[in-house]
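Data block below; observations after.
We name chains A, B, ... by the order of the sequence lines, and we start the count at 1 in each one.
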Amino acid sequence: MACAPNRVRLLCMLSLTFGFFIVEVVVSRITSSLAMLSDSFHMLSDVIALVVALVAVRFAEQTQSTNKNTFGWIRAEVMGALVNAVFLTALCFTIILEAIERFTEPHEIEKPEVVIGVGALGLLVNLLGLCLFHGHAGGGGHGHSHGGHGHSHGGAKKHKNGKVRRSETLEDSRSAGEETNNLVANHNNSPNGVNPERKAVDMCHSDSLDLQINGSTPYDELENGHDAASQLNMRGVFLHVLGDALGSVIVVINAIIFVFVWKPCEPGTVCENPCSGQHCADHALNVSSPLTNGTLNKAGPCWVLYLDPTLCIIMVCILLYTTYPLLKESALILLQTVPKQIDMHQLNARLRDLEGVLAVHELHIWQLAGSRIIATAHIKCHDPTSYMDVAKRIKDFFHDEGIHATTIQPEFVTVNSESRASLCELSCRTQCAPKLCCGAVDTAKPLEGSLESKKSCESKTPTLPSASVTSLEIISESVEETSTPESVVIITREVESSL
Amino acid sequence: MLPLSIKDDEYKPAKFNLVVKLSGWFRSILADKTSRNLFFFLCLNLSFAFVELLYGIWSNSLGLISDSFHMFFDCTALLAGLAASVISRWRSNDSFSYGYVRAEVLAGFVNGLFLIFTAFFIFSEGVERALEPPDVHHDRLLPVSIAGLLVNLVGIFVFQHGGHGHSHGGDDHGHSHSLFNGSAAHGHSHGGHGHSHGGHGHSHESKHGHDHGHSHGEHGHSHDDQHCHDDHMHTPGKGSSKQILQGVFLHIVADTLGSVGVIISAILMQKYDLMIADPICSMLIALLIGVSVVPLLRESIGILMQRTPPSLDHALPECYQRVQQLQGVYNLQEPHFWTLCTDVYIGTLKLLVAPDADSRWILSQTHNIFTQVGVRQLYVQIEVAAM
């Protein structure tokens, strides 16, 4: 199963990191170095990130629906990615704070040799982690390096940003597709060859651009429904490990430069430390300096002390730059946006062009996780007898788009119809709710049309008398209201397109 | 299309006019009560942080400077909440078919995460200080933390009050538990290493709408239960900001506790010379923060994971029964119910019906049944069983 290697990797990395954390704590106690202690807490946050990812992976394996979570737990991956991204951001903020503190009060490094040793060890652990997770999050499972492993100064990392991200996942999915083809416990995915053909058939009303957009991406992402979701999670882990690797690199570089360039004050001699802002030392020095004559030792070049915070700030910039796409992507999924590869306008138009479909209301498409896309809509058709054929056509249409979990509610046009209007009226009568925010206020403003039928929370539904529902009332209002939306919709669409 | 007037501005793409955008945002912020409160409190916090920063620079106290940075960090939580409350009012469009209303849940969640991170950070600093007690400078600490406490009390008052904006006929369910965890104003004495952070420990934000008059001191419980909304006689309105407000509120409370903790530890240190008081206070406060955030996190995670709304947990099976008893319905399959944002539930289900059944009647009845429990957006797919 595709997830088991993930779990194994995560556990591996987790145990390594935790072990290293213990080592750092012990060393910091022995050498009583505060810097090492704070670094060990950074390691701890890394451990937490790995734990979060592990938990997410464990949960997301349960793709079956449960009683409370009818969609299964697959969203846990996206949540894990978001949590990791947010933690990384918060970590960056604290690092900035510490760096600023260091700018105002530079510290010398005590026992730089120990620091070099521990830093190198940490770097090793992190590089190992990068190798472990790189395959998953970087570029495709088969070794083309997208992010580079340990060129930690992030030059290579710059490639790994949002713009290239989609093509990365595509390549990932194609290469990993073979592995996971059998493993996607999803609805039936038609084999690769069939989809483009069917798309061509249904493409009569769309232009070729559409074919490219919809033709290539959905069926690729189809293949690794589960994999794409876990990609997000692994990316979060990867970024976290990368941040840590950068940190270790900075520590090692700083310590090395410190060892070779810095001339410390010998404890026995009189020496001047021009770099630290310690008033007492300076004061004592000024008092005593007239006494001693030329043999004044100065502590090493001051810029060395400012190297650490500077490097930290650079590292933070790099981290933020690479974390932002992950943050954005997982946040957008959680905000229930329409997936990037789906164009609502076109979809709506093509849906309406299907035979037997009179109107489309309340079309909602959102992404559960990875490539699992869910759509719901109200379709107005002529009568119940022809409905099943129309339904089949609609389902096929959605399948071709890559959307397999659809719920289509039929509405019938004839006299006793259940149009959206009547539904809304029903709900309005019991409690007129601005709670119908996010959508169900179509009948209030039919002008908005089926495309923008979502209203903000402030719009009110029409205040209908809360009398008991009689079918005649429904009929009259619904017939009137349903006849208008379509014509108005047409008008508005024309206006839009010409502009 | 031929231009109808001489002004071609209409036909040019809108220029990115920063001023226009900003003023648009301002207007939308000031329009709604919640975001107005947030905005003013944010300004208050920011100004306090600036004052602290300037004072710290002038008196060359590193502690005060770092404390002011921490306050800025907290302001980001407020900013997130403010952004969410503005964003969630935007209209829906092609990319966001449901609109942006989920932003508030996300903001509450992110606030909760930040709070956990802060608690972790405070805890680690407490541990560090316990192992290596640094110099403690008390003198400047006390006035600063008292000032911070005052600022936070203002915040508590504002958001507490704002929270209980409406009454539900005496119901238990007040939407007012501002999920907006008030960024615990770290009015804390971060300044000068001797202080402990104000953890906010109690989730007294009364998650369950108590009536207006309660003082937050008493409600120590954290309900994870969701029965916050009474679907039947509701006058919603505040519901949509619930998550945001609770987040902000918890944050403010955390900071208040922080200030209180600092004051206490400062007093302890001055009077009884108990150096260990500071780190212990820090750790306690961090624990309290962590504990208080858990309900908020649970709720937002539930919503984001598309979980069945907890308040409908008992009502739904009954509804399923009723639907299946309708004439012509064979079976009810694949029900999915989830929360879009506070009090907005969306559901989909599939019904297998007999070929000769009256689909329209079934549809309207089903909608009725579910509307009574509060699900107003329902998609019912009818599948006619083959004979």
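- At least one side-chain heavy atom of A:Pro410 sits under 4.5 Å from a side-chain heavy atom of B:Leu363.
- Between B:Val101 and A:Leu335, the closest side-chain pair of non-hydrogen atoms is not below 4.5 Å.
- Annotation: ring-ring contact (aromatic ring centres under 6.0 Å, His included) contacts of B:Phe120 (sequence neighbours excluded): none.
- Under the 30°/60° scheme for interplanar angles, the aromatic rings of A:Phe71 and B:His336 are found to lie parallel.
- Atom OG1 in B:Thr118 sits 11.5 Å away from atom CZ in A:Phe93 (nearest 0.5 Å).
- Counting heavy-atom pairs closer than 4.5 Å to chain A, the top-ranked of the candidates B:Ile116, B:Thr348, B:Val110 is B:Thr348.
- With a 4.5 angstrom heavy-atom cutoff, B:Leu113 touches chain A via backbone and side-chain atoms both.
- Between A:Thr406 and B:Lys350 the shortest heavy-atom distance is O-NZ, 3.1 Å.
- One distance of note links CD of B:Glu334 with OG1 of A:Thr407; it measures 7.0 Å at 0.5 Å rounding.
- Inter-residue side-chain proximity for B:Tyr98 and A:His364 is flagged as met; some heavy-atom pair is nearer than 4.5 Å.
- No part of A:Ala391 comes within reach of chain B, as not one of its non-hydrogen atoms sits under 4.5 angstrom from that chain.
- Interface remark: of the candidates B:Phe337, B:Phe109, B:Phe370, B:Phe109 forms the most heavy-atom pairs closer than 4.5 Å to chain A.
- Under the ring-ring contact (aromatic ring centres under 6.0 Å, His included) criterion, A:Phe59 pairs with A:Trp73, not counting sequence neighbours.
- In this structure, OG on B:Ser95 lies 9.0 Å from CG on A:Asp343, to the nearest 0.5 angstrom.
- For A:Lys395, the part lying near chain B is the side chain, with the backbone staying farther off; criterion is any non-hydrogen pair under 4.5 Å.
- Using a 4.5 Å cut-off between heavy atoms, A:Ala377 contacts chain B through its backbone alone, with no side-chain atom that close.
- Taken from OG1 in A:Thr337 to CZ in B:Arg102, the straight-line distance is 11.5 Å, to the nearest 0.5 Å.
- For a residue to count as touching a neighbouring chain, one of its non-hydrogen atoms must lie under 4.5 Å from one of that chain's; by this rule A:Ile374 does not touch chain B.
- Within the 4.5 angstrom heavy-atom criterion, no atom of A:Ile379 approaches chain B.
- Using a 4.5 Å cut-off on side-chain heavy atoms (C-beta onward), B:Gln306 and A:Gln336 make contact.
- Looking at A:Leu91, the atoms closer than 4.5 Å to chain B (heavy atoms on both sides) sit in the backbone and in the side chain alike.
- None of A:Thr94, A:Val86, A:Thr89 except one satisfies the side-chain contact (heavy atoms from CB on, under 4.5 Å) rule with B:Phe117; the exception is A:Thr94.
- With a threshold of 4.5 angstrom between heavy atoms, B:Val127 approaches chain A through side-chain atoms but not through N, CA, C or O.
- Although no hydrogens or angles enter the test, the distance criterion places no donor-acceptor pair under 3.5 Å between the side chain of B:Gln381 and the main chain of A:Gln409.
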